[in-house]
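This structure is a prediction, so every number in the text was calculated from the model and none was measured. When a residue number appears, it is its place in the shown sequence, counting from 1.
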Amino acid sequence: MNFIDCIEPFLLSDDRIIQDFVLHTLHDYPNVRKSWVEQLINEAIEKAEKRESIFIYLSIDPMHEEIVPLLVKCVKNAREYHKHFYERLFTDLAPELALKYKEDLTPYMPNEYWDLYDLLVNGTKENILMEYEGILHLLEAETYHHHAFYRIAKKVAYTCVKNEWITEAELDEILEANLKEKWFDYRGILGVYMLGLMKNDKYVQQLAALLVRDEDILLEEVAATLISFQSDNVVEAVAPYILKEESNIFATSIVENIKTDYAIEVLRNSYYKAEDEDIQATIIEALAHQLSLAGEPEINHFVSKRPTTYLYDVEQLAYSYYKMIGIDHPLLEEWLLIIRKEENAEEMMISQQATVKKAGRNDPCPCGSGKKYKKCCG
């Protein structure tokens, strides 16, 4: 059974443990079926108790028009402190699609987006490129990363690629200049983003080598671009970085989200080579998210030791994996008891403190960046 076939029966599972695992698994995977996204949104509309977990994990195709009315229907009943998750989804829509539904979306999107979208859809090439240069200047002038400016810059970059206003030669020049520097500037980081949009995989080796850098925004774009290629060439280039402490999390996430037999083989081999327990833990998470029987020996070897890790809840991972692949592991009942005990303790804490659910290391960050907590504020 392949990855897609394994997910399908559990997408809308009534077992919240398993559905959360499914949502974790799909969070960074670029080829999620549009019909799945529609099913999940409809489920969030019908079942309020599932709404939060679905929307904090959900990613969308910018041109997926069918989901816009569904999202609008759902956001009207959302709690105030959840609305930033919807804002993230609405701002992920392509400018032309957002403008089509402007009347419905205006209450839930920053006002500054509408003038930008009008420019991107109706403006001239000259004016749009001038806007891009201005945003890049603002980004470089900021002392700290300005997330809102950066999202706007990506919108303009998306339009430039869609309209073929940036050539491969220009992109080569940008990337070659940045590869020689100690740090990437925003033009270079957005160049990596544009490589993914263009499906231009000529820089796979050079991008993989960037994984050792301490530049989070760059690494997010490198990971997303490499995952988008869905190729064993990427797996081969990234494999050496799985075992390096400074690059393990991003490298493992890339291989985790490339659904090929070779990716599974690399993860299995890396597990036995890893000497650090946290590196072993990330590899096991990646193997579990591949949902392949081939990785079961390594997963069993790891979880049977009853390990603990700050990166994720081992019991939830193991319980979900074994349930979904249909193997009755001898520790299933023990895992379930631990999960229920932790859920009860968390519910009690929430009721006493009147606060929202805390973020797990593998959860999308509550700040609304769309990144996993362990790669962001965690």
> When you check the gap from the basic side-chain N to the acidic O, do K162 and E96 get nearer than 4.0 Å?
Replying inline: yes
>> Can you pull out every side chain to side chain donor-acceptor pair (under 3.5 Å) where at least one residue sits in residues 231-241? Sequence neighbours excluded, please.
In response: D232-T260
> Do any N or O atoms from the side chain of D15 and from the backbone of I17 form a donor-acceptor pair under 3.5 angstrom?
Replying inline: yes
> Under 3.5 Å, is there a donor-acceptor pair linking the side chains of Y272 and E298?
Replying inline: yes
> Does the E215 side chain pair with the main chain of F184, one donor and one acceptor, at a distance under 3.5 Å?
Replying inline: yes
>> Going by ring-ring contact (aromatic ring centres under 6.0 Å, His included), H289 matches just one of Y321, Y312, Y29, F21. Which one?
In response: F21
> Between K202 and E168, is there a side-chain N and carboxylate O pair less than 4.0 Å apart?
Replying inline: yes
> Can you pull the side chain to side chain donor-acceptor pair (under 3.5 Å) pairs that have at least one residue in residues 322-338, sequence neighbours excluded?
Replying inline: E296-Y322, N300-H329, R306-E334
> Shortest non-hydrogen contact from W183 to D214?
Replying inline: CZ3-O, 3.7 Å
> Hey, does I227 have a side-chain heavy atom less than 4.5 Å from the side chain of V234?
Replying inline: no
>> So does K155 get a backbone contact from the side chain of T159, meaning a donor-acceptor N/O pair under 3.5 Å?
In response: yes
> Does K244 offer a backbone N or O that forms a donor-acceptor pair with the side chain of N248 under 3.5 Å?
Replying inline: no
> How about R88 and R151: do any of their side-chain heavy atoms sit closer than 4.5 Å?
Replying inline: yes
>> Using only atom types and a distance under 3.5 Å, with no angle test, would you say the side chain of E170 pairs donor to acceptor with the backbone of T167?
In response: yes
>> Please tell me whether Y310 and D278 have a donor and an acceptor in their side chains that are separated by less than 3.5 angstrom.
In response: no
>> Given the ring of Y108, does K83 sit roughly above its face, with NZ or CZ under 6.0 Å from the centre of the six-membered ring and within 45° of the axis?
In response: no
> Could E8 and R33 be called an ion pair, given the rule that one side-chain N must be under 4.0 Å from one carboxylate O?
Replying inline: yes
>> Using a strict threshold of under 4.0 Å (side-chain N to carboxylate O), is an ion pair present between R16 and E49?
In response: no
> Should the pair K154-E221 be classified as a salt bridge under the 4.0 Å nitrogen-to-oxygen rule?
Replying inline: yes
>> Quick one: does any side-chain atom of K50 pair with a main-chain N or O of L40 as donor and acceptor, under 3.5 Å?
In response: no
